[in-house]
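These numbers come from the heavy atoms of this one structure, side chains and all, not from hydrogens, waters or symmetry mates. From a predicted model like this one, the values you see are computed outputs, not experimental measurements.
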Amino acid sequence: MVVGATLLAIGYLIATNIDTDSTEYFKTAGECREDIGSFMVREQISKSKVLAYVNCDETTAFFADIIGIDEGHFPLVLLITPNKKSYYDNEIIEVPAGKCARQIGVYTMRRNGEKRTIPILRIE
């Protein structure tokens, strides 16, 4: 009985620390965010999705890695990329003239037992 309880406890600890992600898409996309000028890739999740920092001020450069600015200064989003290509860490993705970013849902990610929900944006 002790062995069974121990295995159950170990199984619970393993299950709660598994990295799981989920997406929820809205029925209608949000308003056009013309204040977003570019994104800096944090990591590529798939050919059409990247975790990226948002730059809302075109005159502000991305110095997050150099001076240690946290995500509170550059919000993190899941960006649905306009083309299915490979991106590298810290690559800048510009929002083309005449286009904007719209929120189309929310992305929930779990890393090391912590849960975080961020917007899903698409350039259109």
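No side-chain heavy atom of Phe39 sits under 4.5 Å from any side-chain heavy atom of Ile92. Considering only heavy atoms from C-beta on, Ile80 comes within 4.5 Å of Tyr25 through its side chain. The closest side-chain heavy-atom distance from Val50 to Leu78 is not below 4.5 Å. Contact check for Leu76 versus Arg42: side-chain heavy atoms found under the 4.5 Å cut-off.
Residues Leu121 and Ala101 share a closest heavy-atom pair of CD1-CB, 4.5 Å. Scanning all heavy atoms of the two residues, the minimum distance from Ile120 to Glu24 falls at CD1-O, 4.3 Å. Summarising the geometry of Pro96 relative to Ile123, their closest heavy-atom pair is CD-CG2, 3.9 Å, with the distance given to 0.1 Å. Nearest heavy atoms, Gln44 versus Tyr87: OE1-N, 2.6 Å.
Taking the side-chain hydrogen bond (donor to acceptor under 3.5 Å, both in side chains) definition, one finds that Ser86 meets it with Lys47, sequence neighbours left out. Residues meeting the side-chain hydrogen bond (donor to acceptor under 3.5 Å, both in side chains) test with Thr117, sequence neighbours left out: Thr108.
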Test side chain to side chain contact (heavy atoms under 4.5 Å, CB included) applied to Asn90 and Val41, step by step: CA-CA 5 Å; Asn90 301 327; Val41 175; over 6 Å; no

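Within the structure, the salt bridge (Lys or Arg N to Asp or Glu O under 4.0 Å) test picks out the following pairs touching residues 85-97 (sequence neighbours left out): Lys85-Glu91. Pairs engaging residues 95-106 under the side-chain hydrogen bond (donor to acceptor under 3.5 Å, both in side chains) rule: Arg102-Glu124 [sequence neighbours left out].
For the atom pair Arg122 CZ and Cys100 SG, the distance stands at 10.0 Å (nearest 0.5 Å). Note that the CG atom of Leu51 and the CD1 atom of Ile118 stand 5.0 Å from one another [nearest 0.5 Å].
Hydrophobic clustering, defined by side-chain heavy atoms of Ile, Leu, Val, Met, Phe, Trp and Tyr closer than 4.5 Å, groups Phe26 together with Val106.
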